[in-house]
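Counting from 1, the numbers follow the sequence of the chain as shown. Both ligands and their constituent atoms are indexed starting at 1 by order of listing.
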Amino acid sequence: MILIKNAKIIEKDTLIKKEILLDEKIVKIADKIDGDYETIDVNGMLVMPGGNDVHVHFREPGFENKETIKTGTMAAAKGGFTAVMPMPNLNPYPDCYENLKVELDIIERDAIVDCYPYGTVTVGEKDKLPSKVEEIHRYVKAITDDGVGVNNLELLEAQMLLAKKYNLVIASHAETPRGNYGPDGEYTAVRNEIELAKKTGCKYHFCHMSTAESFEAIRKAHKEGFTNITCEVSPHHLVLNEEMINNNPNFKMNPPLRSEKNRQATVEALLDGTVCMVASDHAPHTEEEKSREYNSCPNGILGLETMIPVIYTEFVKKGIIGYDRFLDILVNNPAKVFGLPERYLKEGYVSDLIALDIDNPHTYTKDEIVSKGKNSPFIGKTYYGFNKLTIKNGKIIYNNLGGKHE
Ligand code: DOR
Ligand code: ZN
């Protein structure tokens, strides 16, 4: 058993000092716990359940030079996530059981945090034929054609009905037509797809929303009572805007950084509840690919290692959101929407815990990056709340309390 001393935990939206005794499950939480246990002093850090990141790209099988299940889950552990959902733009695409099995076997072998892979909506994300939902529904929580989006609405509706039947979420990379990265490409898709989600009643989740019009459409659907429709935003769309791009490949992703007005609308949607979770869209590429000039380098930036400190520093520390909301958008809401196991810092729940250094600033450097990719707009930026310790099922899988990276 491990005894965590000097933890601050979230209770009723405030931080209180506690000690936590754990093995695979949380055994006891109290003001003081005596006994002869292996002890970790977290020195006043914020201890909370590991985060759930429902949008990551781990590139395996198919693109192991960018990331693997092993390096991706190590980056997750470092960043403070004990469950992740890898996207299906892979080779082979997980569009039938045989293809999905390739990924499932690697996860079984190499993952150090829980991985719930997405299947695709269409065969090879080609927008022509339906993926084999009948074969894969037992093994996935959700399906998506992330990276492109489904434009074939007849096909989408048919897959929505199957998703409803099997209680799967469909996650939408909203983009109509494919390749239109402009704001209208996003909100046109959102408007079309909302109508289908209302009609079919399936659980429909919009990925990385970034325009005022998209949020307005989702807000309206919520007002009409369609709680089956949800959305996520990524940290970069909350805190960066298009004026910061300056042809720098580390600021190139899809959807792209938007206008300041759209960034503010993104924050507003997070604050009024239109958005119920943040997700990183962790999208590693090789250093060679990201060192090409802006117009010919691929879309995508890292996210797992910086999402928690960015949200903590820019929103919690500044008093814009409270601790309970922080927990909801990182842990509870992703679990609820996607049907992942619940994680609470309460006796009897699984010991998947992290410790955030909320009192000391840390400047994020390229050298410390665990992911195979090095493409992050947050390199050189200083934040509070970096994760220092990750415990998964009662075992330490990441420990930086010793100040190795200080
Ligand atoms: O920036 C992005 N990168 N956006 C996407 O939609 C796909 C992702 C990737 O796979 O690299
Ligand atoms: Zn993505």
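Shortest contact from atom 6 (O) of ligand 1 to any protein heavy atom: His173 CE1, 2.9 Å. In this structure, atom 5 (C) of ligand 1 lies nearest to the protein heavy atom Asn254 O, 3.5 Å. Protein heavy atom in closest approach to atom 7 (C) of ligand 1: Gly147 CA, 3.9 Å. Closest to atom 11 (O) of ligand 1, if we only count protein heavy atoms, is Arg59 NH2, 2.8 Å. With respect to atom 3 (N) of ligand 1, the closest heavy atom belonging to the protein is Asn299 O, 3.3 Å.
Under 3.5 Å, the side chains of Thr211 and Asn262 contain no donor-acceptor pair of N or O atoms.
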Got a list of side-chain donor-acceptor pairs under 3.5 Å for residues 109-116, not counting sequence neighbours?
{"unit_1": "Asp114", "atom_1": "OD1", "unit_2": "Lys392", "atom_2": "NZ", "d": "3.4"}
{"unit_1": "Asp114", "atom_1": "OD2", "unit_2": "Arg343", "atom_2": "NH2", "d": "2.8"}
{"unit_1": "Asp114", "atom_1": "OD2", "unit_2": "Lys392", "atom_2": "NZ", "d": "3.3"}

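A cation-pi contact, defined as under 6.0 Å to the ring centre and within 45° of the axis, links Lys346 to Tyr344.
For Tyr204, the ring-ring contact (aromatic ring centres under 6.0 Å, His included) test picks out Phe206, with sequence neighbours left out.
Here the straight-line distance linking atom CE of Met85 with atom CZ of Phe338 works out to 5.0 Å at 0.5 Å rounding. Taken from NZ in Lys141 to CG in Asn167, the straight-line distance is 9.5 Å, to the nearest 0.5 Å. A distance of 11.0 Å separates CD1 in Ile170 from CG in Asn228, rounded to the nearest 0.5 Å.
Of the residues Thr306, Leu302, Asn250, the one that meets the side chain to side chain contact (heavy atoms under 4.5 Å, CB included) test with Phe378 is Thr306.
Residue pairs meeting the side chain to side chain donor-acceptor pair (under 3.5 Å) criterion with at least one member in residues 83-96, sequence neighbours excluded, are His57-Asn89, Asp95-Asn99.
For ligand 1, the atoms closer than 4.0 angstrom to any heavy atom of Met253 are 1 (O). Ligand-side atoms of ligand 1 in range of His285: 11 (O), range being under 4.0 angstrom from any heavy atom.
Near the Zn ion (ligand 2), less than 2.8 Å away, sit the protein N, O or S atoms His55 NE2, His57 NE2, Asp146 OD2, Asp281 OD1.
Residues His208 and His55 bring their aromatic ring centres within 6.0 Å.
For a threshold of 3.5 Å applied to N or O pairs, the pair formed by Ile301 and ligand 1 contains no separation below that value. At a 3.5 angstrom cut-off on N or O pairs, His208 does not count as close to ligand 1.
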